[in-house]
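Please read these numbers as outputs of a predicted model, since none were measured by experiment. Numbering of residues begins at 1 and proceeds along the displayed sequence. Every number for a ligand or one of its atoms is a count from 1 in the order of the listing.
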Amino acid sequence: MNTEPQTLAIVVPCYNEREVFPISLEKLSSILKHLIVSKKISESSYILFVDDGSQDNTWSLIVEAGTFNLNIRGLKLAHNKGHQIALIAGITNADADMVVTIDADLQDDPFVIEQMVDKYLIGYDIVYGVRNSRETDNFWKRTMAESFYKLMAKLGVEQIHNHADFRLLSRRARESLLQYQEENVYLRGLVPMLGFRTIEVYYERHERAAGVTKYPFKKSLALAIEGITSLSVKPLRLITILGLFVFLLSVVAIIYTIIEKILGNTIQGWSSIIVIISFFGGIQIMALGVIGEYIGKIYNEVKKRPKFFIDETSNIKEK
Ligand code: UDP
Ligand code: MG
């Protein structure tokens, strides 16, 4: 059996993280060092910071950190492509035995990485970081997240409760994940589809170490819609059922109207007409919206556009 320690790559997406980067770098480097010294991982293990097209000087900080330490690698995307694509870019370029993804802001406890590695070493392929509570999220974010999990479960998408994108993937899990060629990426839904041996580790989620959230409500909503429409077609089915139900209702209404007409009870008010028209109008527009979402997805998928372009790299050898 091969007893050499295996390589670990810690992938960290960074978008305008100038404030938090130094703290993050220090914490993650010391954890990496500790794991190397304790011989759990090989000396060639590294941290890969993915600069997701930041407008601030995040990239120069990454490069600077790499000049002193070859275990600090960097990848600069040519554009801001969003958290999920930044993760994919990092995972694609992290050719290691195990890959851990973690946010730059240290809200996820980096000390849990050691537990993840321990789980890997006893044979797990996927280790999910699961937060114990959502106390650091405000009431609004917490309620939205809860409703979203419930909705996703109803729509048949398997998701790990209270798990964000803090996880370890073994080489084969990582390679399998990369075989999903889809343009619309929602990792929290995709990873559980891989199967393999999985386990959860728990941690407390902290406040951001510095800087502000890069996930305003608009981006969170976009991620939720992405999650639903990229992994479930049930909304289309629901629309069909809803349409059928409304159609049956309208048949009853039509029969009723005809009978009233024959009986000579002519209907006076236009209010009922307005109610019905707006009701149908609303339903139709909603249905069109949902169908439009899916057509939009198909449109994006068929183009098979590359997901990201790499602008520059730091400490990564050209293949
Ligand atoms: N992020 C990114 N690209 C973006 C937005 C965010 O790479 O367009 C990164 C960000 O730098 C951080 C992680 O994704 O490392 C999660 O973002 P954030 O902490 O702002 O989200 P929150 O924890 O507030 O939901
Ligand atoms: Mg955060």
What about Val130 and Ile199, same hydrophobic cluster or not, with Ile/Leu/Val/Met/Phe/Trp/Tyr joined at side-chain heavy-atom distances under 4.5 Å?
no
Any Gln84 heavy atom less than 4.0 Å to ligand 1:
no
Is Lys219 in contact with ligand 1, taking contact as a heavy-atom separation below 4.0 Å?
yes
If you have a sec, work out which protein heavy atom is nearest [atom] and how many Å separate them, to one decimal?
atom                    : value
atom 12 (C) of ligand 1 : Glu17 OE2, 3.5 Å
atom 17 (O) of ligand 1 : Tyr215 CD1, 3.6 Å
atom 1 (N) of ligand 1  : Tyr15 CB, 3.7 Å
atom 20 (O) of ligand 1 : Lys214 N, 2.3 Å
atom 25 (O) of ligand 1 : Lys141 NZ, 3.1 Å

Could an N or O of ligand 1 be found under 3.5 Å from any N or O of [X], whether backbone or side chain?
X      : value
Pro13  : yes
Asp52  : yes
Val212 : no

Sorted by first residue and then second, give each salt bridge (charged side-chain N to carboxylate O under 4.0 Å, His left out) pair with at least one member in residues 155-168; sequence neighbours left out.
Asp165-Arg167, Asp165-Arg188
Flag if over 12 foreign heavy atoms under 6.0 Å of NE2, His79
no
Answer yes when Glu114 and Lys40 have at least one side-chain N-carboxylate O distance shorter than 4.0 Å, and no when they do not.
yes
Any side-chain heavy-atom pair of Pro110 and Lys27 under 4.5 Å
yes
Report yes if some heavy atom in the side chain of Met152 is under 4.5 Å from a heavy atom in the side chain of Tyr186; otherwise report no.
yes
Step by step, work out the side chain to side chain contact (heavy atoms under 4.5 Å, CB included) result for Arg73 and Ile62.
CA-CA 8 Å; Arg73 299 189 185 181; Ile62 296 172; over 6 Å; no
What about Phe166 and Tyr128, are their ring centers closer than 6.0 Å?
no
Under 4.0 Å between heavy atoms, the region of Asn80 that gets near ligand 1 turns out to be side chain
Tell me the contacting part of Lys81 for ligand 1: side chain, backbone, both, or neither, using a 4.0 Å heavy-atom threshold, strictly below.
neither
Ignoring waters, protein N/O/S atoms under 2.8 Å from the Mg ion (ligand 2) are Asp105 OD2, Gln107 OE1
Test salt bridge (Lys or Arg N to Asp or Glu O under 4.0 Å) applied to Arg171 and Asp95, step by step:
CA-CA 8 Å; Arg171 186 184 286 278; Asp95 187 16; 2.8 Å; yes
Can you confirm whether the side chains of Gln6 and Tyr120 place a donor and an acceptor under 3.5 Å from each other?
yes
